Amino acid sequence: MNPYNTENLYENLVKKELNTSFIGRNIIHLDEVDSTNIYAKKIGRNSMDGTVVISEKQTSGRGRLGRKWQSQEGCLCMSIILRPSVSIQEISKITQVAAAAVFLALQEVNVKTMIKWPNDLLINGKKICGILTEMVTYKGEVDFIIVGIGLNINNKLEDLPQEIKNSAASVYSETGITLSKVEVTAKIMNNMEILYNEFISGNFRMALNICRDNSNAIGKRVNIIENNMLKAEVTVTDLGNDGELIVKYDNGETKSLIAGEISVRNV
Ligand code: BT5
């Protein structure tokens with residue numbers, strides 16, 4: 001079977017499978033763009049809540065902290081524009097809300113993933129999805145946010161660039177299953193709307209529990225990396241109620257780590 005799903009993500013195909021009231025009700029589908037997050041940032045101020053930008057190809061896909069997202073054929077690249085009325089401090093939680101939504105979407109098509117705090121999904125320990133949440137403020141308040149999701153669905157392993165070949169994979173490369181991009185896109189939006197609505201009504205726990213129950217790190221040893229330097233080897237004990245990573249040092253000290261300041265790598 002052709003591992004690529006050539007079906008295009010046209011708005012009406014996705015919309016047929018949506019049961020949302022606002023996420024994905026306005027879809028901008030592009031053949032090629034530098035980055036769907038950059039595009040969404042440009043149009044965000046004048047876009048309706050829940051607008052989704054999808055591109056078949058990205059020429060400069062972005063990761064966190066200036067890193068790159070390699071957008072090979074078979075990768076689903078989408079950005080959701082949202083206007084949450086929550087404080088700036090709450091915004092980082094939306095990455096975990098999105099991770100939980102992608103997890104549920106894949107679970108619905110019988111693909112089991114693990115969530116790597118705070119923004120990755122893994123299959124067999126390999127990264128298949130990364131999430132980049134960015135915020136645009138206006139007069140010191142959140143104007144809108146962009147939740148960028150890059151999900152390797154039908155990519156062939158040999159097409160992944162050399163530098164990520166050992167750490168990255170796709171749903172297809174790990175399971176042999178070719179999924180419909182349209183179906184997965186709609187399922188992500190459907191699950192995102194449920195979890196996001198809970199989150200903005202004060203219930204972050206629903207998404208958090210999914211991240212906690214399917215964490216690849218809880219109970220494991222990890223390296224803490226800060227500014228590209230190895231800081232310590234610790235044991236992850238839990239996720240805190242605000243989504244922070246709780247770790248225990250070998251001297252017994254416990255600390256909460258906030259996403260964005262550090263990253264963790266399995267030992
Ligand atoms: C991320 O950053 O994982 C966030 C990726 C977000 C991508 C989406 S695509 C739609 C939207 N538009 C954008 O421009 N971006 C968002 P980070 O945690 O910093 O991880 C980046 C690292 O993941 C890289 O340094 C590579 O090691 C690895 N990587 C890059 N491309 C990958 C891929 N396609 N699959 C798996 N790993 C990859």
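Just follow the structure's listing: the first ligand is 1, and inside any ligand the first atom is 1. If you're wondering where the values come from, they're calculated on a predicted model, not measured in any experiment.
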Task: Pair T113-N214, side-chain contact (heavy atoms from CB on, under 4.5 Å): steps then yes or no - done: CA-CA 8 Å; T113 57; N214 300 287; over 6 Å; no
Open item on the list: For a salt bridge (charged side-chain N to carboxylate O under 4.0 Å, His left out) check, start with the C-alpha distance between R83 and D49, then their side-chain angles and the critical distance, and finish with the verdict.
Closed with: CA-CA 6 Å; R83 307 185 171 283; D49 197 12; 5.4 Å; no
In residues 194-201, what donor-acceptor pairs under 3.5 Å come from side-chain atoms, sequence neighbours left out?
unit_1 : atom_1 : unit_2 : atom_2 : d
N197   : ND2    : E193   : O      : 3.4
E198   : OE1    : N203   : ND2    : 2.8
S201   : OG     : N197   : O      : 2.5

Identify each donor-acceptor pair in which a side-chain atom of residues 134-142 lies under 3.5 Å from a protein atom, sequence neighbours left out, and give them as a table.
unit_1 : atom_1 : unit_2 : atom_2 : d
E134   : OE1    : N37    : ND2    : 2.8
E134   : OE1    : R62    : NH1    : 3.1
E134   : OE2    : K41    : NZ     : 3.3
E134   : OE2    : R62    : NH1    : 3.4
E134   : OE2    : R62    : NH2    : 2.9

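T36 and S55 share no side-chain donor-acceptor pair at under 3.5 Å.
For ligand 1, the 4.0 Å heavy-atom shell takes in S35, T36, N37, Q58, G61, R62, G63, R64, R67, K68, W69, Q70, M78, S79, N119, D120, K127, G130, I131, L132, G148, I149, G150, N152, I164, A168, ordered by chain and residue number.
For residues 169-179, no pair satisfies salt bridge (charged side-chain N to carboxylate O under 4.0 Å, His left out), with sequence neighbours left out.
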